[in-house]
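Single-structure report; data block below.
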Number of protein chains: 2
Amino acid sequence: MVRARSAERRAEILRATLEMIAERGYRGASLSAVAERVGLSQQGLLHYFPTKEALLVAVLEERDQWDTGGGTRSDGTWRIDLLASLVEYNAMRPGIVQTFSALLGESVTEGHPAREFFTRRYTQVRASMAAMLRAEYGERLPGGLTPERAAPLLVAMMDGLQYQWLLDPDSVDMPAAFQDFLTLLRSTESSAPENPRS
Amino acid sequence: MVRARSAERRAEILRATLEMIAERGYRGASLSAVAERVGLSQQGLLHYFPTKEALLVAVLEERDQWDTGGGTRSDGTWRIDLLASLVEYNAMRPGIVQTFSALLGESVTEGHPAREFFTRRYTQVRASMAAMLRAEYGERLPGGLTPERAAPLLVAMMDGLQYQWLLDPDSVDMPAAFQDFLTLLRSTESSAPENPRS
DNA sequence: AACGAAACCTACTGCTCTACCGGTAACGGA
DNA sequence: TCCGTTACCGGTAGAGCAGTAGGTTTCGTT
């Protein structure tokens, strides 16, 4: 009973933190503001998460579980059509996208507590994407690309489109643009490697 | 003489500000820290730029001039090979890239002073890219894309790669990856539109 | 030589931030 | 019914923040 109530509170706090980070970024999000949003004093919040950084870590971990959960195949790889669905889904949740875009931007600064998280995560996501591309299209992709070379492009496209979309949703149709990219990756014949890398 | 010295100081300040933003982001960059870096008191700095926001605006304006200057053709459009060169150039200046990536990330948060700047800038850059693509490849691009539809992809790719590269330069060869994308945009036959948009 | 502006600085205000310390009240288990 | 744990809150330390007020020095111009 107590446990359940506690877990509920923690979930509330994490949700509020996500919102605050979307609005102000991690550095700009103050503990008091988060606490106020869940109807707690700042000290009450610190009872659940002892430091601000611990709170951020909890947010990141929750998210990590969240989106390594759905959308993957039994062998752990993604399906490319589900990737497109994910982008469509994201387009309906600007809040979440904004949270992680703001966080990603901050994370490149020195000593940011999310930096290591994102670094590790991108390594993992690139590998996952490469596996997906290989499963879907085999070894040869358009332009003589290998799955390993195409994977970072896929990730970059998703992230990059998010920023343009967040800044100006009316001018950028994110899901359509991402589909365009997938078309590009699909529609063309795979030729011999044009500029092989070592 | 005085004027020259003053302009020199301003330039120093702007350079230091760029550094500080790269290290801590805009919100995390304090006036005192910037001032110290140029050997001024915080109030001495405020003599040149009356508010923190004015300082940021000056940084953005300087950058705006800077990179709408080189690389464009007489008619104001870019050349695509110069775009690849720009990416290569950026790969040698992690500081600058970091500054603007951090700023872009922050700018999606509410009420950020750089938000309008980036919004306007991306609109303009997309238009510029579309013009370049049209000049270079004509109306039909691979996958049935129009220049207007490919333009945001080009921009997104540049931005997205920057984040991956900043987080893990050893794992991501940014210029090569961008070249891969350009190859993708080039190497394939232009087919009829597959999924035309309204 | 006198003047005015530019280029700073010291001191300070008022605010916000994270985090610690020490309480207290409720509650579930023994 | 006692007792330990959980779930908080008030107070406050201690630091940093942007920005103001009011100086003084330097220096080019007249």
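Chain letters run A, B, ... following the sequence lines, proteins first, then strands; residues in each count from 1. The basis for the numbers below is simple: all heavy atoms, side chains too, and nothing from hydrogens, waters or symmetry mates.
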Integer-rounded Å distance: [N] [atom2] and [X] [atom1]:
{"X": "B:Glu12", "N": "C:dA7", "atom1": "CD", "atom2": "P", "result": "13 Å"}
{"X": "B:Gln43", "N": "C:dC9", "atom1": "CD", "atom2": "P", "result": "8 Å"}
{"X": "A:Lys52", "N": "C:dA19", "atom1": "NZ", "atom2": "P", "result": "8 Å"}
{"X": "A:Leu45", "N": "D:dC9", "atom1": "CG", "atom2": "P", "result": "10 Å"}
{"X": "A:Phe49", "N": "C:dA19", "atom1": "CZ", "atom2": "C1'", "result": "16 Å"}
{"X": "B:Leu46", "N": "C:dT10", "atom1": "CG", "atom2": "C1'", "result": "14 Å"}
{"X": "B:Glu36", "N": "C:dC9", "atom1": "CD", "atom2": "P", "result": "12 Å"}
{"X": "B:Gln42", "N": "D:dG19", "atom1": "CD", "atom2": "P", "result": "9 Å"}

Distance test, side-chain N/O of [X] to OP1/OP2 of [N], below 4.0 Å:
{"X": "B:Arg9", "N": "C:dC8", "result": "yes"}
{"X": "A:Ser32", "N": "C:dT16", "result": "no"}
{"X": "B:His47", "N": "C:dA7", "result": "yes"}
{"X": "A:Ser6", "N": "D:dA7", "result": "yes"}

For A:Gly28 and A:Pro50, find the nucleotide of DNA chain C closest to each by heavy atoms; which residue's nucleotide sits nearer the 5' end? A:Gly28

State which of [options] makes the closest approach to the side chain of [X].
{"X": "B:Ser30", "options": "D:dA21, D:dC17, D:dG10", "answer": "D:dC17"}
{"X": "B:Tyr48", "options": "D:dA7, D:dA18, C:dC8", "answer": "C:dC8"}
{"X": "A:Thr51", "options": "C:dT10, C:dA19, D:dT6", "answer": "C:dA19"}

Going by atom types alone, do B:Arg63 and B:Thr99 pair a side-chain donor with an acceptor below 3.5 Å? no

With a 4.0 Å cut-off on heavy atoms, is A:Ala29 in touch with a base, just the backbone sugar-phosphate, or nothing at all? sugar-phosphate

Which part of the nucleic acid does B:Ala35 contact within heavy-atom distance under 4.0 Å: base, sugar-phosphate only, or nothing? nothing

Are A:His112 and A:Phe118 close enough that their ring centers fall under 6.0 Å? no

Is any side-chain N of the basic residue among B:Glu12 and B:Arg15 closer than 4.0 Å to the acidic one's carboxylate O? no

Check A:Arg10 with A:Glu62, please: is the shortest side-chain N to carboxylate O separation under 4.0 Å? no

Test your reading of the model: is there a side-chain donor-acceptor pair from B:Arg134 to the backbone of B:Glu139, 3.5 Å cut-off? no

